[in-house]
Amino acid sequence: MIRLTRLNDEEFIINCAQIERVESIPESNVILVSGKHYVVKESVEVIIDRAIEYNARIYARGKNMKD
């Protein structure tokens, strides 16, 4: 899950595993596999970085559970 910001400054949490694609229009348009979309303030690069960080945390937690 990652935190994003709508154009009206409302923050929300989105399941990054459900992101199909992100377009720059010049704002970022996050399109989910369901077809629903959100226009957000964060750049495409920030969204990618947040998704990578989230997935890295999940991987690290899973690895720690095996130890």
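Just so it is clear, the model here is predicted, and its values are computed rather than measured. When reading the values below, keep in mind they use all heavy atoms of this one structure, side chains included, and skip hydrogens, waters and symmetry mates. Positions are given from 1, in the same order as the sequence printed here.
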Side chain to side chain, Ser28 and Ile47, heavy atoms closer than 4.5 Å: yes
Let's go through Val44 and Val22 carefully: what are the C-alpha distance in whole Å and the side-chain angles of both, what is the deciding distance for side chain to side chain contact (heavy atoms under 4.5 Å, CB included) to 0.1 Å, and is it a yes or a no? CA-CA 7 Å; Val44 172; Val22 181; 3.8 Å; yes
Any link between Val39 and Ile19 through a network of hydrophobic side chains (Ile, Leu, Val, Met, Phe, Trp, Tyr) touching at under 4.5 Å? no
Flag side-chain contact, heavy atom, 4.5 Å: Val40 against Leu7: no
Contacts satisfying ring pair (Phe, Tyr, Trp, His ring centres under 6.0 Å) that involve residues 13-32 (not counting sequence neighbours) are none
Applying side chain to side chain donor-acceptor pair (under 3.5 Å), which residue pairs with at least one partner in residues 46-59 are found, sequence neighbours left out? Glu42-Arg50
Students should find that the hydrophobic cluster of Val46, defined by side-chain heavy atoms under 4.5 Å apart, otherwise consists of none
Which residues pass the salt bridge (charged side-chain N to carboxylate O under 4.0 Å, His left out) test with Glu27, not counting sequence neighbours? none
Identify, with sequence neighbours excluded, every residue that meets salt bridge (charged side-chain N to carboxylate O under 4.0 Å, His left out) alongside Lys41. Asp9
Rounded distance (nearest 0.5 Å) linking atom CD1 of Ile31 with atom NE2 of His37: 7.5 Å
Going by side chain to side chain donor-acceptor pair (under 3.5 Å), name the pairs with one or both residues in residues 13-24, residues two or more places apart or in two chains. Arg21-Glu23
Please collect all ring pair (Phe, Tyr, Trp, His ring centres under 6.0 Å) contacts where either partner lies in residues 7-29, sequence neighbours excluded, each pair once. Phe12-Tyr38
Within a 6.0 Å radius of atom CZ on Arg3, are there more than 12 heavy atoms belonging to other residues, nucleotides or ligands? no
Can you find a heavy atom in the side chain of Ile13 that is under 4.5 Å from one in the side chain of Leu4? no
